[in-house]
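Worksheet: one structure, shown below.
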There are 2 protein chains.
Amino acid sequence: MLTTGEAAKYCGVNFRTVIRWIERGRLKAYKLPGRGDHRIQTQDFVAFLRDNNMPVPPELVGTNNRVLVIEDQPEMAAAIRRTLKRAGYDVEVAKDGFIAGTMLMRHNPALVTLDLKMPGMDGYQVLNFIREQEDHSQVKVLVVSAETREGLARAKTSGADDILPKPFDNSELLAKVSQLIGDGQPVSAQDQLV
Amino acid sequence: MLTTGEAAKYCGVNFRTVIRWIERGRLKAYKLPGRGDHRIQTQDFVAFLRDNNMPVPPELVGTNNRVLVIEDQPEMAAAIRRTLKRAGYDVEVAKDGFIAGTMLMRHNPALVTLDLKMPGMDGYQVLNFIREQEDHSQVKVLVVSAETREGLARAKTSGADDILPKPFDNSELLAKVSQLIGDGQPVSAQDQLV
DNA sequence: TGATATAATGTCATGATTGACAGGTTAGAT
DNA sequence: ATCTAACCTGTCAATCATGACATTATATCA
């Protein structure tokens with residue numbers, strides 16, 4: 001939730017200009033009853049920035065170091081979790097599709113590792129679904145799978161940001177994750193601003 | 001029921017501001033005897049948000065008539081959907097666990113019909129999971145299944161509000177649903193208007 | 001090219017609301 | 001019964017909205 005002044009700083013313009021954008025309907029916002037202050041929801045502001053090819057401040061893009069691991073094999077899940085935790089990421093594990101779905105919505109992770117082969121879940125469909133979701137179209141998806149080369153290629157066309165064939169080294173995993181969302185250690189505690 | 005602090009977070013303002021709104025009669029609330037804490041009824045708060053064209057958080061939309069149908073068999077899903085739609089409910093269908101999870105979080109339904117036997121999803125686990133979730137512990141769960149009597153009993157202990165053995169009549173379905181969350185037709189459509 | 005019109009943005013002053021802080025109290029949890 | 005987190009009140013500084021006007025950028029036309 002942002003005020004006009006904060007939004008103005010992010011854009012490098014005068015707050016008067018932000019108000020005018022709002023008045024013209026370019027930027028979505030609502031008014032408070034008292035003085036008529038504007039409040040801009042962070043997601044609307046980010047959408048606005050993206051629409052106009054403006055740089056998006058990292059602290060507005062959710063919490064950068066949160067990873068959701070969608071994986072039903074306990075050992076594999078534990079291994080990924082351990083590796084990422086050690087590197088400083090905030091890791092959640094979902095061992096079935098339902099829980100994965102709720103966690104995606106609830107925790108709004110920066111990255112999801114997705115096992116394509118989970119019982120009762122079509123990984124490709126999940127990929128498509130995530131990409132269709134307004135709110136989560138920005139989340140990075142790293143497909144982790146023992147699929148064939150064709151399957152992995154198909155995953156890429158379905159919206160995966162990167163793929164990691166099983167088996168893999170921890171270093172490979174970390175390299176891919178950090179390439180997609182940066183290092184696990186938060187740059188500063190201010191990233192947690194609400 | 002909300003405190004000033006909670007309302008403040010929803011609006012993106014300081015709690016002091018919320019108190020001022022209350023003092024000026026813009027927002028309805030009442031005081032507790034002790035410290036003079038304010039308590040705001042959810043419906044009053046939602047009405048306030050609507051009056052001022054402010055976004056209404058989905059989890060506050062109290063008595064809605066939204067139903068989420070978790071069912072992987074297309075014919076069965078269509079049948080339930082049709083029946084409930086006709087009765088005036090707002091129906092969403094999820095055909096796998098992942099989508100079901102996201103929809104539960106996104107649409108905040110008043111009731112979920114849950115097929116216990118879905119591939120890759122342990123219905124009992126889902127039940128437990130829903131009950132553990134802070135935000136959604138209020139949602140009613142109607143288990144719809146061809147399970148054995150023991151299985152259905154177990155579902156009840158896992159947190160199901162009611163069970164409906166397959167096969168069933170439409171009238172049975174409607175009876176159970178309306179018993180759990182009331183009739184499908186909103187009491188008055190104007191309640192939802194701006 | 002150069003001149004003019006139009007739109008967008010920045011600046012300033014005023015008035016009102018909101019946020020921050022400090023000190024005291026209690027609701028809710030254990 | 002105790003403890004912590006959250007709440008209330010009052011005050012004052014910071015912030016925001018508004019309107020008027022200056023300045024800059026863009027478009028249009030001769």
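A, B, ... follow the sequence lines: proteins, then strands. Residue 1 opens every chain.
Rounded to an integer number of Å, the gap from A/Y30 OH to D/dA17 P is 13 Å. Across the protein-nucleic acid pair, A/I19 atom CD1 and C/dG10 atom C1' stand 13 Å apart, rounded to whole Å. The interatomic distance linking A/I40 (CD1) with D/dA17 (C1') rounds to 14 Å, in whole Å. Distance, A/E6 CD to D/dT15 C1': 10 Å, rounded to whole Å. The separation between A/E23 atom CD and C/dA8 atom C1' is 13 Å, rounded to whole Å.
B/K166 NZ: more than 12 foreign heavy atoms inside a 6.0 Å radius.
With axes fitted over five pairs at each extremity, the angle between the ends of the helix from C/dT1-D/dA30 to C/dT30-D/dA1 is 60° (10° resolution).
Annotation: cation-pi pair B/R154/B/Y124 present, NZ/CZ under 6.0 Å from the ring centroid and within 45° of its normal.
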Fill in the blank from the handout: The contact string for nucleotides 17-30 of chain C, one letter per nucleotide 5' to 3', using protein heavy atoms under 4.0 Å with B, S and - for base, sugar-phosphate only and none, comes out as BBBB----BBSS--
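Salt-bridge check for A/D37 with A/R39: passed, with a basic side-chain N closer than 4.0 Å to an acidic carboxylate O. The existence of a salt bridge linking A/K95 and A/D72 is excluded, since no basic side-chain nitrogen approaches an acidic carboxylate oxygen closer than 4.0 Å. Salt bridge absent: A/E92 and A/R106 never bring a charged side-chain N and a carboxylate O closer than 4.0 Å.
Taking both residues in full, the closest heavy atoms of A/N128 and A/S158 are given as OD1-O, 3.5 Å, listed atom of the first, atom of the second, then distance.
No side-chain heavy atom of B/L174 sits less than 4.5 Å from a side-chain heavy atom of B/E172. At least one side-chain heavy atom of B/C11 sits less than 4.5 Å from a side-chain heavy atom of B/W21.
Contact check, B/T4 against D/dA6: no side-chain N or O comes under 4.0 Å of OP1 or OP2. For D/dC8, the OP1/OP2 oxygens have a side-chain nitrogen or oxygen of B/H38 closer than 4.0 Å.
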